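Below is one structure, written out as structure tokens; comments come after it.
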Amino acid sequence: MASHLQVQQKKQQLNLPPGFGFHPTNMEIIIFYLVPKVLKKAFDTTMVREVDMKKYELWNLPNEVNIGEKERYFFSYKDLKYPTGIHTNRAMNAGYWKATGKDKEIILPPT
């Protein structure tokens with residue numbers, strides 16, 4: 001797992017100011033990152049990278065997306081367990097992802 005010093009060094013490499021924190025709301029993630037990605041519009045991918053989770057063992061993944069300190073944000077394609085099914089393939093070479101919660105619907109608040 002990335003140490004605090006490694007996180008700070010990564011922030012310096014990205015030219016982020018000392019004390020920088022990335023704590024977007026769900027709506028900010030959708031509006032500023034997800035929508036441009038889906039619409040194939042240009043946007044800054046420094047903070048939310050695309051990661052192929054199948055290429056990394058679970059314990060190495062935090063080192064690949066180490067901008068945040070407690071939470072990491074990244075795009076990853078959903079791999080299906082069976083071609084005609086709905087179940088997600090969570091298997092890795094030396095382990096598997098375990099679902100720990102339920103999907104949460106995010107809706108635009110009324111104006």
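A quick note: this is a predicted structure, and the numbers were derived from the prediction, not measured.
- Considering all non-hydrogen atoms of both residues, F75 and Y33 come closest at CZ-O, 3.7 Å.
- Considering every non-hydrogen atom in both E50 and K37, the closest pair reads OE1-NZ, 2.6 Å.
- Among I31, I30, I29, the one residue that satisfies the side chain to side chain contact (heavy atoms under 4.5 Å, CB included) test with P24 is I29.
- Crowding of L39 atom CG: a count of heavy atoms from other residues, nucleotides or ligands under 6.0 Å exceeding 12.
- Note that CG of L34 and CE of M27 are 10.5 Å apart. Values are rounded to the nearest 0.5 Å.
- The structure places OG1 of T88 at 6.5 Å from CG of L80, a figure rounded to the nearest 0.5 Å.
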